[in-house]
Amino acid sequence: MAATALALILAGCIVLQALRPERRLLIVLSGAGLACLVSSLTGAVTTTRLLAAVPWDVLVLLVALGLLTEVLAASRVFSIVAVRATRLTGARPGVFAALFSVGMFFVSGLVNNLTALLLVVPVMLIVFRQMGVTQRYLSWCLGVVLVACNLGGAATPIGDFPAVLLLGSGAMQFGEYLRLAFPLALAALVGVLVAAGALARPAQDVETNRLAARLTVASVSAMHRGLAVEWKYFAPGAAALGAMLAAWFLIPSSTGVGPELIGWLGALAALLASGLPGERLVRKRVDVEATLFLLGLFVMVGAVRETGAFAALAQWLVSLPISPLAQVAVFLVVAAVLTGIFSAGPSMAALLEVANVVGRQHPPGAIYVGLAMSVCAGSSLFLTAATAGPLTQALVERAGLKGPSGEVLRFGFFQFAPVGVLGFAVILGVGMVSTLLAVRG
Amino acid sequence: MKLPARLEDAFAAAAGELGQVTASWLYLEEVQRVWPGGAAALREALGRTFPVADAVFAMAEQGRARPAVDVTRARAALAGCTEVVLVGYEADYVDALLAALPACRFAVLAHSALAADFERMTANHRGRLSPLELPRFQSWAGPRSALLTFLYGTAGETTHVVPEWLRALGPDVRTQFRVLVGWEVLQGPLHVFPRWLEQVELSSFTHLA
C-alpha cells in the first residue's frame with residue numbers, strides 16, 4: 001500500500017511538472033513533502049532517514065560547479081570567445097553554425113551550459129540579424145547548438161546533472177567516465193552535424209553576399225569593441241577549474257577526498273580570490289531553483305527506493321523473456337523516451353536505481369554511460385526537455401528577428417522538432433551501439 | 001556588386017547600439033572598401049528610413065571624409081562636472097568623451113527608439129558607463145551633474161535630438177543639472193524627414209559642443 005502510494009506520488013509529480021513547468025518547483029516540493037508524510041504515517045521510513053539519504057554530495061557538486069561557472073561568466077570570456085569565433089567564421093552561415101556547435105560542446109563539458117548560453121546566444125542573435133537569416137537556418141543552427149550543449153554535458157562527468165549524479169554517487173570515477181563517454185559524445189556530435197548538413201542543408205537559402213558578411217563582422221566587432229577579459233574573475237576561475245580537473249583525475253576516492261569536496265573547495269577558492277564580488281555571487285547567483293527541484297526529486301525517489309519498487313522494476317526488466325542484450329536495449333530506449341517526456345533530472349534520478357541493478361549483470365561502466373547517452377538523447381528530443389531550450393526560445397522571442405519577407409522568426413517547439421528528432425536518433429543510436437558492443441564483448 | 005537584401009533590419013540593429021552616425025560611417029566605410037561607389041546604393045537602400053544615414057551617405061557622395069571626433073568643446077562645456085548623464089548614444093563620441101574625462105562618472109538613459117541592448121553597450125566601457133532607467137534619472141541630478149545629448153543636423157536656431165531628450169527634459173529637470181549640453185555629431189544637413197528624431201531650439205541648451 002505504501003509502495004503504491006509513494007510510486008503514484010512520484011509518477012504524478014513527474015507528469016504534473018512536465019505538464020505545468022511554470023509550477024514545477026511547487027509541484028515537486030509538495031510531492032516530496034507528501035512522500036515524507038506517507039512514509040512516516042505508514043511506518044515505511046522516517047523523514048529523518050529520507051533526508052539523510054539525499055545525495056547531498058551531488059547537490060554540493062552542482063552548486064559548486066554553478067558558482068564556478070558564474071565566476072567565469074563574470075570574466076566576459078564567453079562573449080569574447082563568441083565574438084572572436086564570429087570573426088573567424090567570416091559570417092559564413094554554414095561555418096558559423098558548425099563552429100558555434102563545436103564550441104558549445106566543449107564549453108558545456110566544462111561549465112554549466114545554461115550560463116554559457118545566456119552569454120553566447122545574444123551574440124549569435126545579433127549575428128543572425130546582421131546576416132539576414134531564414135527560419136530554416138535559425139531553427140537548425142540554434143537547434144544543433146542546443147543538441148551540442150546536451151552532448152557536451154554528457155561528455156564529461158561535470159558537464160550536466162546526469163553525469164554529475166554518476167560522479168557524485170560514486171557510480172563511476174572521473175577518468176573512467178571521461179574515457180568512455182567523451183568519444184561517444186564527440187562521435188554523436190559529428191554525426192548530428194553531418195546529418196543536419198546533408199539532410200536539412202540549413203544554410204542553403206541564406207543569402208551569401210560578400211558585403212553582408214563584411215558588414216556583419218564589422219558591426220558585431222564594433223558592438224563589442226571594448227569588451228575585455230576581466231582577469232580578476234578569469235584568473236581565479238580558470239585556475240580553480242584547472243586544479244579541480246587535475247584533482248578529479250589524480251586523487252583516488254579511497255583517500256576520502258571525493259569529487260564533491262574537490263568541487264566545493266575549488267569553487268570557494270575561485271570565489272575567495274575574486275574578492276567582494278565573490279560574496280555577491282554566492283548570495284545572489286546560486287541556482288536555488290535547480291537545487292530545490294533536485295532535492296524534492298531525491299526525497300521522492302528515496303521514498304520509493306525504500307519500498308523496493310525500483311529493485312522490483314529492475315528485476316522485472318532483467319527477467320523479460322528476451323536476450324540480455326535486448327533487455328539492455330529496451331532499458332536504454334525507455335530511458336531516452338522517458339527523459340524526452342519528463343526531462344533529464346527526474347528520469348536520471350529514478351533510472352539510476354534501475355541501472356544499478358542492470359549493471360550487476362553487465363559491465364557497469366558501459367551501462368551507466370549508455371544511460372547517460374540515452375538521457376542526453378531524450379534531453380535533445382523536445383525543446384522543453386532541457387532547461388536551455390526554453391531559455392533560448394525566450395531570447396529569440398525578445399530579439400524579434402525577421403525573415404526575408406519580413407515574417408517574424410520563431411524558435412519554439414515545432415521549429416526545434418526536426419532537429420530534436422534527428423539529434424535523438426543519432427545520439428541514441430551511438431549510445432546503444434556502443435553499449436551493446438561493450439555488453440556483448 | 002549589390003547590397004544585401006533586408007539591409008534595413010541589420011542597420012537598425014547596428015544603429016541602435018552604436019548610434020546612427022557611428023553606424024552610418026561604419027557601413028559606408030565597409031562598403032566602400034570593396035565598392036568605392038557604394039555610397040549611392042547605400043543611400044538608396046537606407047536613406048528614406050534613416051535620415052541620419054542619408055545625410056552621411058550624401059556627404060560621402062560629395063567627397064567628404066569621416067570627420068574626426070573633437071572633444072575640446074564638449075570637455076569645456078562639462079568643466080566642473082563630476083557626473084554626466086548621456087541621453088542618446090554615439091559610440092565614437094562616447095568612447096572619446098570617456099577617455100577625455102577620466103575622473104567623471106557617466107550614465108546613459110536606457111531608452112531608445114531603435115532596439116538596443118544597453119547591458120552590451122555599456123559593457124564596452126568596463127564599468128565607466130552605467131545604464132540608467134528613467135525613474136532613477138533624477139538621482140543623478142545635482143550641482144556638479146550634466147545632461148548631454150547628441151545633435152543631428154543643426155541649422156539656424158534649430159537642431160534635432162533623440163526623442164528621449166524631450167522625455168527627460170521637463171521644466172523641473174532643467175534646474176536640477178549644472179549644464180545641458182548639446183553635441184553636434186552629424187556635421188551636415190538632413191535631407192529627408194527626420195524620422196527617429198525630434199526638432200528642438202538650440203536655446204534649450206546651456207552649452208553647445
Side-chain angles (χ1 to χ4, degrees), chain A residues 73-80 82-83 91 93 118-123 125-134 205-232 277 395 398-409, chain B residues 1-39 41-42 45-46 53 89-92 94-96 98-99 106 114-129:
Chain A
S75 75
R76 303 191 190 283
V77 70
F78 298 123
S79 305
I80 291 166
V83 174
L118 202 59
L119 298 164
V120 170
V121 168
V123 177
L125 293 175
I126 203 75
V127 173
F128 290 164
R129 173 160 279 172
Q130 295 293 318
M131 270 185 194
V133 297
T134 59
D205 48 3
V206 178
E207 183 189 13
T208 45
N209 178 308
R210 190 174 158 206
L211 278 175
R214 285 190 73 92
L215 290 172
T216 299
V217 172
S219 301
V220 171
S221 300
M223 285 181 198
H224 300 88
R225 66 198 177 284
L227 222 51
V229 174
E230 297 267 0
W231 287 99
K232 69 177 174 183
L395 290 173
R398 212 177 301 154
L401 293 174
K402 290 188 178 156
S405 314
E407 76 279 18
V408 175
L409 300 184
Chain B
M1 189 70 76
K2 76 176 178 117
L3 291 173
R6 293 185 51 250
L7 196 61
E8 278 189 9
D9 198 29
F11 181 80
E17 297 200 13
L18 296 172
Q20 295 196 53
V21 167
T22 307
S24 300
W25 283 108
L26 176 84
Y27 263 52
L28 180 75
E29 287 172 356
E30 282 304 316
V31 168
Q32 285 190 327
R33 278 202 181 101
V34 290
W35 185 9
L42 274 172
L46 296 172
Y89 188 86
E90 284 292 344
D92 286 347
V94 175
D95 289 354
L98 265 64
F106 287 87
L114 290 166
D117 180 339
F118 280 89
E119 287 294 328
R120 178 163 51 213
M121 286 162 65
T122 53
N124 285 302
H125 302 286
R126 302 180 200 181
R128 288 209 56 212
L129 179 67

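Only heavy atoms go into these numbers, but all of them, side chains included; no hydrogens, no water, no symmetry mates. Chain A is the first sequence line, chain B the second, and so forth, proteins listed ahead of strands; every chain is numbered from 1.
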Relative to chain B, which segment of A/Val217 carries a heavy atom at a distance below 4.5 Å: side chain, backbone, both, or neither?
neither

Just give me the residue among A/Arg225, A/Met223, A/Gln130 that pairs up with chain B most often, heavy atom to heavy atom, under 4.5 Å.
A/Arg225

Do B/Trp35 and B/Leu3 touch side chain to side chain, with heavy atoms closer than 4.5 Å?
yes

With a 4.5 Å cut-off on side-chain heavy atoms, are A/Leu125 and A/Leu395 touching?
yes

Top contributor to chain A interface from B/Met121, B/Arg33, B/His125 [non-hydrogen pairs under 4.5 Å]
B/Arg33

Side-chain heavy-atom pair B/Leu129, B/Leu98 within 4.5 angstrom cut-off:
yes

At a heavy-atom separation under 4.5 Å, does B/Leu18 approach chain A through its side chain, its backbone, both, or neither?
side chain

Sub-4.5 Å side-chain heavy-atom contact between A/Leu401 and B/Asp9
no

Can you say whether A/Arg398 sits under 4.5 Å from chain B via the side chain, the backbone, both, or neither, judging by heavy atoms?
neither

A side-chain contact here means heavy atoms from C-beta on lying under 4.5 Å apart; do A/Met131 and A/Glu207 qualify?
no

If you tally heavy-atom pairs under 4.5 Å against chain A, which of B/Arg120, B/Lys2, B/Glu29, B/Met1 wins?
B/Arg120

When you look at A/Ser75 and A/Glu230, which way does the side chain to side chain donor-acceptor pair (under 3.5 Å) test go after all the steps?
CA-CA 4 Å; A/Ser75 75; A/Glu230 297 267 0; over 6 Å; no

Against chain B, work out which of A/Ala222, A/Pro404, A/Ala228, A/Ala399 has the most heavy-atom pairs shorter than 4.5 Å and name it.
A/Pro404

Counting only non-hydrogen atoms closer than 4.5 Å, does A/Leu227 touch chain B with its backbone (N, CA, C, O), its side chain (CB onward), both, or neither?
both

